[in-house]
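Only one structure is covered here, and it is reproduced in the block below.
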Amino acid sequence: MKLASWNVNSLKVRLEQVLQWLDVHRPDVLGLQETKLIDEKFPTDPFAELGYHPVFAGQPTYNGVALIASSEPTETVTEIPGFADEQRRVIAGTVNGVRVINLYVVNGKAVGTDKYAYKLDWFAAVTAWVEDELRRHDRLVVMGDFNIAPDDRDVHDPEAWREKILCSTPERSALRKMMDLGLVDTFRLFDQEEGIFSWWDYRAAAFRRGLGLRIDLVLASKALADSCTKAWVDAEPRRNERPSDHAPAVAEFDLD
DNA sequence: ATGGTCGATAGTCGA
């Protein structure tokens with residue numbers, strides 16, 4: 001089973017790139033973030049033509065998430081239980097016996113702002129939800145654009161980013177608290193080269209200069225992590241014309 | 001160099 005997460009920064013602009021990537025890599029589930037599409041405008045047909053079943057939760061202009069799955073997801077959820085939120089940032093579904101939660105975590109703008117407080121509140125609510133889901137699902141994946149670099153290895157210049165947004169101690173502690181429920185960063189199950197990132201700012205030629213962060217994650221429950229055979233970031237789409245600023249994060253599992 | 005570039009949208013906001 002192969003699962004991937006990709007912040008596409010507008011599915012309208014990136015549709016052909018997403019379809020091509022799906023066709024080449026054929027994941028069982030692709031979680032998308034920042035679709036920026038209302039549900040009425042979601043391009044269901046081109047995914048269906050590739051044999052995929054999309055489910056989605058969108059809003060005008062901002063945010064928006066989707067699961068593109070090889071079979072129809074069941075028990076779909078698009079709200080954080082007990083947390084009222086206008087913003088469409090979560091979608092969960094069960095595919096082939098694996099519970100998948102796809103997140104577009106709040107960016108937070110800057111440490112100390114209202115958006116930062118919202119990020120931490122939002123993440124705490126998601127963590128409570130994940131705790132509940134873990135009770136019911138042995139096989140659980142939580143993936144998405146976390147907008148948190150787990151540690152300094154995931155940052156091109158840790159000193160420059162020290163206590164900045166995406167890297168601050170409260171953000172990292174919140175992520176740690178979620179992972180301590182029983183989730184593993186699949187990427188770190190394997191030896192990895194240094195300087196592998198999943199997001200590069202559009203500005204200042206950050207991609208060309210290797211100035212990135214790894215903020216797109218595929219977390220797996222212990223039972224699933226034991227069967228993880230590979231985890232990687234596919235930087236190739238970042239080289240496309242009109243690329244997303246994010247690259248897909250991928251994890252593969254050998255399930256019976 | 002305290003900026004830069006995108007996307008959605010129609011002057012700015014969010015990232």
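So you know, we letter chains A, B, ... as the sequences are listed, proteins then strands, and number each from 1. Just so we're clear, the structure is a prediction, and the values are computed from it rather than from any experiment. Only this structure's heavy atoms are used, side chains among them; waters, hydrogens and symmetry mates stay out.
B:dG3 and B:dG7: their P atoms are spaced 23 Å apart (whole Å). Nucleotides B:dG4 and B:dA15 have their C1' atoms positioned 14 Å apart, rounded to a whole Å.
Sorted by first then second residue, the salt bridge (charged side-chain N to carboxylate O under 4.0 Å, His left out) pairs that include residues 94-103 of chain A, not counting sequence neighbours, are A:R99-A:E133.
Because its NZ or CZ atom is both nearer than 6.0 Å to the ring centre of A:Y104 and within 45° of the ring axis, A:R89 counts as a cation-pi partner of that residue.
Other residues sharing the hydrophobic cluster of A:L120, ordered by chain and number and joined by side-chain separations under 4.5 Å: A:V111, A:Y116, A:V155, A:W161, A:I165, A:L166, A:W199, A:L213, A:I215. Grouped with A:Y52 in one hydrophobic cluster are A:W6, A:V8, A:L11, A:L15, A:V18, A:L19, A:W21, A:L22, A:L30, A:L32, A:L37, A:F42, A:F47, A:L50, A:F56, A:I68, A:W232, A:V250, the linkage being side-chain heavy-atom contacts under 4.5 Å among Ile, Leu, Val, Met, Phe, Trp and Tyr residues.
Residues from residues 101-116 of chain A with heavy atoms under 4.0 angstrom of DNA chain B, sorted by number: A:Y104, A:N107, A:K115.
The CD-C1' distance, from A:Q59 to B:dG7, rounds to 14 Å in whole Å. Whole-Å rounding puts the A:I38 CD1 to B:dA8 P distance at 13 Å. Straight-line distance from the CH2 atom of A:W200 to the C1' atom of B:dA15: 16 Å, rounded to whole Å. One atom, CD of A:Q33, and another, C1' of B:dG7, lie 16 Å apart when rounded to the nearest Å. Across the protein-nucleic acid pair, A:L213 atom CG and B:dA15 atom P stand 16 Å apart, rounded to whole Å. Protein atom NZ of A:K119 is 15 Å distant from nucleotide atom P of B:dG14, rounded to whole Å. The NE2 atom of A:H246 sits 18 Å away from the P atom of B:dT5 (whole-angstrom rounding). Regarding A:L211, its CG atom lies at a distance of 22 Å from the P atom of B:dA15, rounded to whole Å.
Nearest-nucleotide assignment on DNA chain B puts the 5′-proximal partner with A:K12, out of A:K12 and A:Q87. Of the residues near DNA chain B, A:P243 and A:N147, the one whose nearest nucleotide (by heavy atom distance) lies more toward the 5' end is A:P243.
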**Asked** When you look at A:D114 and A:K119, which way does the salt bridge (Lys or Arg N to Asp or Glu O under 4.0 Å) test go after all the steps?
**Response** CA-CA 9 Å; A:D114 289 350; A:K119 180 179 197 172; over 6 Å; no

**Request:** Quick one: do A:R238 and A:D216 satisfy salt bridge (Lys or Arg N to Asp or Glu O under 4.0 Å)? Show the steps, please.
**Result:** CA-CA 14 Å; A:R238 190 64 175 79; A:D216 299 271; over 6 Å; no

**Prompt:** So A:R172 and A:D152, salt bridge (Lys or Arg N to Asp or Glu O under 4.0 Å) or not? Walk me through it.
**Reply:** CA-CA 10 Å; A:R172 286 177 169 174; A:D152 284 353; 3.1 Å; yes

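Within 4.0 Å of A:R238, counting heavy atoms only, lies no atom of the nucleic acid at all.
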List, with names and distances, any nitrogen or oxygen atoms from the protein found under 3.5 Å away from nitrogen or oxygen atoms belonging to nucleotides 2-4 of chain B.
none

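Residues passing the ring-ring contact (aromatic ring centres under 6.0 Å, His included) test with A:F207, sequence neighbours excluded: A:W200.
Screening A:N7, A:N63, A:N9 for a side-chain contact (heavy atoms from CB on, under 4.5 Å) involving A:Q33 leaves a single residue, A:N7.
Among B:dA8, B:dG7, B:dA15, the nucleotide with an atom closest to any side-chain atom of A:T61 is B:dA8.
For the pair A:R89 and B:dA15, the criterion of a side-chain N or O lying under 4.0 Å from OP1 or OP2 is met.
For A:K2, the NZ atom is densely surrounded, since the number of other residues' heavy atoms within 6.0 Å is greater than 12.
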